[in-house]
J.: 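Submitted below is the structure of interest, expressed as structure tokens.
One is the number of the first residue; the rest follow in order along the sequence.
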Amino acid sequence: MGNLEKQSTIIKEETTEDILKSLDKCYGVTFFRNKLKEYVEYIRLKKENKINIGNNNIILFCDNNSKDYEKEVEIINKILIKENIIEDDSVTIITDLYTLKNTEFEKNKLYIIDDENRIDKKLESIIKKNPSCIFVIIIKESKLMSKRDKDNTLEMLQRNFYWELNIIEPTLEEKIKYIKNIAKQNSLKINLEDWMIEAIAENSMIELDKTLIRACIKANKQKLKEINTDCFDIDDILFKWGNPKTDKKSEYGLKQLNSLIGLNDVKEQIRKILSYVEVDGERGGQGRTMLHMCMCGNPGTGKSTVARIIGEIFAENEVLSNKRIFVEVSREDLIGEYVGHTAAKTKKIIQQAIGGVLFIDEAYSLIQGSDGRRNDYGYECIATLIKEMENHREDLCVILAGYPEEMERLINANSGFKSRIQFFIDFPDYNVEELYEIFLKQLKEDFLRLQKGCKEIVIEYFENEVKLKKENFGNGRLVRNLVEKIKFEQAVRIKETGSDDLYTIVPQDIKNVVDKIKTGENKRRIGFYS
């Protein structure tokens, strides 16, 4: 991480706002920057005694592929000094158990714990004994993920580290901007083909810096005013970076897919589709591959989310000709008002999507007019759509999504669908464990935490909902609605009791929601509206 203990980086004229603004020049720190701004607001309010909960400790999550986190720690350090939370810029780094046990902790000082193996009762005890110290623990994201379901590790962290900041690997687009910015800072232009720039950007940030340093040295040595192929070994470019037509691009889309809760069969099927497309392309068959899909599942099972991720994956792997086209439409975008109008609207939408993905959500509505009748222009739309799916089979992916029974009726409405849709993907309902995991994730996004006794009430509620499986079971939407209602009950309680704890959900908040849901269902059963 570097010798932060002896650094001297304070600039007297620099304000906290200046420090935060400096992050605008950094890459891959969007989430970090936004949360850090909120952290600054928090420590200021806490100093003014307007907030009397929580602490200043930070978990710094680092994607394993991201650049070193020294810069981010330095910025945190500078902000804490500017805000008079710590007294000087010296930082103690703890990397082993011996140092942890033998450090004499000083008041108003920053301590970096650079080893998640130190997440134990000893650490918790030290934090509680030294409330005036600021602790930042560095966590490699993938390592923590494998532990989240074990013991009470995450619970222990959240008890002692109230703030979670994330450093992730910059996107391909951010890295390309970074490359161009580095060239500009060194008074150089970029004269490389787009595929070469993208190939360079595929490196980790550390390797990317090394590559750019070598290129800048060669450009200056040869007295060039640009970075071009002369700044690299061209054989190394072709061998190491590869051919842009066959090499896989950024795996950000796959990372998004893998981060989704549940949906294991869906994830596996999409990975198989990608493998099929790649192998077919290597055989020279790409262009004859039909990619049209049908997604079937109940409400809230993630169909729209996965469709958008597929668009990202196809773009990154250059499956279709236009990298970033994703057109999302519904019935209203396709159906016209008079004879011939529908075909023209449908063709116009398809033209916009060629080279990318056309996603039609609630596609079954195409065979049902607004008045519920079948004799509308939906069938004209379907006929046009099927024809264009065939005409542009080599450079268009149409994804139809909707509820299982309704989608079956749509597919059977025109025999042309079955011969043109290559992949049928079923989205199962979430089980109780998955619903609870989604619930925790949504609370975390709002910085909310559960008091002891909450989990049992939520689990019981989900178990009852899964067991009854009412019509149009909501899945993810069920969770989202529950969270919103709990937040409402919590807000009412806080105002009524004058509590200053804005971030804790208590069992009664959840019980109130569940009781009201049950009361509403009982009223509907006897003929009343809730």
Side-chain angles (χ1 to χ4, degrees), residues 173 194 253 270 273 277 286-297 302-403 406-425:
E173 289 73 19
D194 288 343
I270 292 171
I273 291 171
V277 170
Q286 200 160 338
R288 297 191 298 272
T289 303
M290 192 100 71
L291 295 174
H292 308 311
M293 304 179 193
C294 178
M295 296 180 172
C296 298
K303 300 182 293 295
S304 298
T305 299
V306 171
R308 295 175 192 127
I309 289 174
I310 287 175
E312 182 73 28
I313 291 172
F314 280 7
E316 290 172 346
N317 290 275
E318 298 185 355
V319 173
L320 300 165
S321 65
N322 195 312
K323 287 187 176 183
R324 293 295 165 193
I325 286 190
F326 183 90
V327 179
E328 184 170 343
V329 297
S330 59
R331 173 189 164 83
E332 290 71 23
D333 301 300
L334 298 168
I335 305 299
E337 299 174 356
Y338 49 84
V339 175
H341 188 207
T342 294
K345 285 187 73 173
T346 303
K347 285 183 179 179
K348 183 178 180 180
I349 291 292
I350 289 170
Q351 283 298 317
Q352 293 173 4
I354 289 175
V357 174
L358 172 61
F359 174 54
I360 306 176
D361 197 11
E362 298 183 349
Y364 53 82
S365 63
L366 295 177
I367 58 171
Q368 183 178 346
S370 57
D371 59 359
R373 295 179 301 175
R374 291 171 58 88
N375 57 339
D376 72 344
Y377 301 120
Y379 289 88
E380 181 183 353
C381 171
I382 290 172
T384 305
L385 179 63
I386 289 173
K387 181 180 178 182
E388 296 301 314
M389 286 167 72
E390 179 65 34
N391 290 345
H392 301 286
R393 59 182 292 166
E394 76 286 351
D395 204 21
L396 175 68
C397 171
V398 174
I399 301 178
L400 308 173
Y403 308 152
E406 288 86 344
M407 289 303 292
E408 185 176 356
R409 287 198 292 272
L410 171 67
I411 299 303
N412 291 331
N414 190 311
S415 58
F417 268 136
K418 288 185 178 179
S419 62
R420 287 165 178 81
I421 295 177
Q422 178 83 328
F423 306 107
F424 289 83
I425 304 177

J.: Is the backbone N or O of G297 less than 3.5 Å from a side-chain atom of K303, with the two atoms forming a donor-acceptor pair by type?
T.: yes
J.: With a 3.5 Å distance limit and no angle check, can you tell me whether N414 reaches the backbone of G416 through a side-chain donor-acceptor pair?
T.: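 Side chain of N414 to backbone of G416, a donor-acceptor pair under 3.5 Å: yes, one is there.
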J.: Nearest 0.5 angstrom please: L385 CG to I350 CD1, how far?
T.: 5.0 Å
J.: Say whether, by atom type as modelled, one donor and one acceptor occur between the side chain of N317 and the main chain of I313 under 3.5 angstrom.
T.: yes
J.: Working note: I310 + M295, criterion side-chain contact (heavy atoms from CB on, under 4.5 Å); need CA distance, chi angles, decisive distance, verdict.
T.: CA-CA 12 Å; I310 287 175; M295 296 180 172; 3.4 Å; yes
J.: Between the side chain of K345 and the main-chain N/O of E332, is any donor-acceptor distance below 3.5 Å?
T.: yes
J.: Which pair of non-hydrogen atoms, one from A353 and one from L358, has the smallest distance, and what is that distance?
T.: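 Answer, listing the atom of A353 first, then L358: CB-CB, 3.7 Å.
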J.: Is there a side-chain contact between C397 and F314, using heavy atoms and a 4.5 Å cut-off?
T.: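 A side-chain contact under 4.5 Å exists here.
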J.: Give, for atom CD1 of I411 and atom NZ of K418, the distance between the pair rounded to the nearest 0.5 Å.
T.: 8.5 Å
J.: Out of L334, T346, I335, which residue meets the side-chain contact (heavy atoms from CB on, under 4.5 Å) rule with Y377?
T.: I335
J.: After noting the C-alpha distance and the side-chain angles of L291 and Q422, does the key distance pass the side-chain contact (heavy atoms from CB on, under 4.5 Å) rule?
T.: CA-CA 6 Å; L291 295 174; Q422 178 83 328; over 6 Å; no
J.: First locate atom OG of S304, then atom CZ of F359, and finally report the distance between them rounded to the nearest 0.5 Å.
T.: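 Result: 3.5 Å between the selected atoms.
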J.: Assess whether side-chain contact (heavy atoms from CB on, under 4.5 Å) is satisfied between I354 and Q351, documenting all intermediate values.
T.: CA-CA 5 Å; I354 289 175; Q351 283 298 317; 3.6 Å; yes
J.: Taking atom OH of Y364 and atom OH of Y403, what is their separation to the nearest 0.5 Å?
T.: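 Here the rounded value is 4.5 Å.
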J.: Could you go through the side-chain contact (heavy atoms from CB on, under 4.5 Å) check for L320 and V277 one step at a time?
T.: CA-CA 10 Å; L320 300 165; V277 170; over 6 Å; no
J.: Name all residues meeting the salt bridge (charged side-chain N to carboxylate O under 4.0 Å, His left out) criterion together with E328; count only those two or more places apart in sequence or in a different chain, and write none if there are none.
T.: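 Salt bridge (charged side-chain N to carboxylate O under 4.0 Å, His left out) check on E328 returns R308.
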J.: Looking only at heavy atoms, what is the nearest atom pair of L366 and C381, with distance?
T.: CD2-SG, 4.0 Å
J.: Show me the pairs that pass salt bridge (Lys or Arg N to Asp or Glu O under 4.0 Å) and involve residues 355-364, at least two apart or across chains.
T.: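 Output for this query is empty, none listed.
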J.: At their closest point, which heavy atom of M389 faces which heavy atom of R420, and how far apart are they?
T.: CE-CB, 4.2 Å
J.: Rounded to the nearest 0.5 Å, how far apart are CE of M290 and CZ of R393?
T.: 3.5 Å
J.: Heavy-atom count around E408 CD within 6.0 Å, excluding the residue itself: above 12?
T.: no
J.: Between K387 and N391, is there a side-chain heavy-atom distance shorter than 4.5 Å?
T.: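 They are in side-chain contact.
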J.: Assess, by modelled atom type and distance only, whether the side chains of H392 and E388 contain a donor and an acceptor separated by less than 3.5 Å.
T.: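 Checked: H392/E388 side chains pair up, N/O donor to acceptor below 3.5 Å.
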J.: For the atom pair NZ (K347) and OG1 (T384), what is the distance rounded to the nearest 0.5 Å?
T.: 6.5 Å
J.: Less than 4.5 Å apart, any side-chain heavy atom of I425 and any of M293?
T.: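 A side-chain contact under 4.5 Å exists here.
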J.: Give the minimum heavy-atom separation between I367 and A413, together with the two atoms involved.
T.: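 In terms of heavy atoms, the two residues are closest at CG2-CB, 4.0 Å.
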J.: Restricting to non-hydrogen atoms, name the atom on M407 and the atom on C294 that form the minimum distance, rounded to 0.1 Å.
T.: CE-SG, 3.6 Å
